[in-house]
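One structure, as structure tokens, below. Some questions next.
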2 protein chains.
Amino acid sequence: MARAATTTDAFNAIAEVSRREILEVLTDGEAAVGDIVERLRLTQPQVSKHLGVLRTVDLVRCRTVGRRHLYRVNGAALRPVHDWVRTFEAHWNERLDRLDDLLDDLLAEPPQEET
Amino acid sequence: MARAATTTDAFNAIAEVSRREILEVLTDGEAAVGDIVERLRLTQPQVSKHLGVLRTVDLVRCRTVGRRHLYRVNGAALRPVHDWVRTFEAHWNERLDRLDDLLDDLLAEPPQEET
DNA sequence: ACATCATATGTTGATATAGGCATGTGTCAA
DNA sequence: TTGACACATGCCTATATCAACATATGATGT
């Protein structure tokens, strides 16, 4: 099998650098496709397709004004990612981990209840 | 070109569900490959390969005890992801966004012929 | 209607994947 | 040394991508 589709969830969608950059641009507020094309150095089809992926996972939403499609971030779609990553905060914030590692090293005895 | 390598960065590495699950298992502490194989329902080569990816991006670290390879999480490697996602917190925490969305919708809706 | 602007979509080609299975490497025990 | 155990790695196939170019859709203005 191949990799999971980029449109599977936010995790897969934000794996691509260009898509993260697009989201960063949209942090400044709504932007049309052309604006994004200018600010990043991507072709229009590239941006449109990336936006399509982001739309599928609801990371961005679109509003049409005349012939311009104005995109904006829907940060809520990033919550699952945020929450998931957050559960690992302890693993870089707490010094206890260092102690834990040390204990693990000290306790590293080959288990004998086998065989 | 194809998608960026899963070993490019943490973003790509955690895009895969199995790899996230492996990291979750390791939240309980060190675990050998066989332990992970048992707790998740994956084959041993699958787990080994996923661990290889996680090792490449330094999301896990390994320590060998006898013939067992004990893996543990290196949460620090998730910091870039955490920090990046965190910049979007405002987009789901602030009520102002709701108001913004509402205004956008009101300004964008062309008259419909539904009635 | 027509030309033009702003986006979306389709196609092709190269590439990296993930699963399945087999096999290699390294360790322990007798 | 031999065998069993724990894990890593190699090969294969199907698949989903991403860039690039071309083209279709849709709205605007004259």
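Every chain is numbered from 1 and lettered A, B, ... according to where its sequence line falls, protein lines coming before strand lines. Nothing here was measured: the structure is a model prediction, and the numbers come from that model. We use all heavy atoms of the structure for the numbers below, so side chains are in, but hydrogens, waters and symmetry mates are not.
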Distance, nearest 0.5 Å, that separates CD of A/E21 from NE2 of A/H50
9.0 Å

Would you mind reading off the distance between B/N12 atom CG and C/dA18 atom P, rounded to a whole angstrom?
10 Å

Is there a side-chain contact between B/L54 and B/L23 in this structure, where contact means two heavy atoms from C-beta onward sitting under 4.5 Å apart?
yes

Nearest whole Å is fine: how far is C/dA8 P from A/R68 CZ?
12 Å

Is the backbone of A/E24 close enough, under 3.5 Å, to the side chain of A/T27 for a donor and an acceptor to pair up by distance?
yes

Residues from residues 34-47 of chain B sitting under 4.0 Å of DNA chain C, heavy atoms only?
B/P45, B/Q46

Would you mind reading off the distance between A/M1 atom CE and D/dC12 atom C1', rounded to a whole angstrom?
15 Å

Please pick, from C/dT9, D/dG26, C/dT7, the nucleotide with the shortest atom-to-atom distance to any side-chain atom of A/R55.
C/dT9

Looking at the side chain of B/R67, which of C/dA18, C/dG26, D/dT28 is the nearest nucleotide?
C/dG26

Contact under 4.0 Å: B/Y71 side-chain N or O vs D/dA6 OP1/OP2:
no

Whole angstroms only, please: what is the NZ-C1' distance between A/K49 and D/dA19?
8 Å

Whole-Å distance separating the NE2 atom of B/H50 from the P atom of C/dT17
12 Å

Given C/dA18, C/dA16, C/dC21, which nucleotide is nearest the side-chain atoms of B/A5?
C/dA16

Would you mind reporting whether A/I22 and A/L51 have side-chain heavy atoms less than 4.5 Å apart?
yes

Considering heavy-atom distances to DNA chain D, does B/L51 or B/A2 have its closest nucleotide positioned more toward the 5' end?
B/L51

Roughly how far, to the nearest 0.5 Å, is the OG1 atom of B/T6 from the CD1 atom of B/I14?
12.5 Å

Out of D/dA16, C/dA8, D/dC7, whichever nucleotide has its closest atom nearest the side chain of B/R3
D/dA16

side-chain contact (heavy atoms from CB on, under 4.5 Å) between A/E16 and A/V53, worked out:
CA-CA 10 Å; A/E16 188 70 14; A/V53 173; over 6 Å; no

Counting only side-chain N and O atoms of B/H69, is one of them less than 4.0 Å from OP1 or OP2 of C/dG26?
no

Taking only side-chain N and O atoms of A/S48, does any of them lie within less than 4.0 angstrom of OP1 or OP2 on C/dT7?
no

Would you mind reporting whether A/L40 and A/V47 have side-chain heavy atoms less than 4.5 Å apart?
no

Please classify the nucleic acid contact of B/A4 as base, sugar-phosphate, or nothing, using heavy-atom distances under 4.0 Å.
nothing

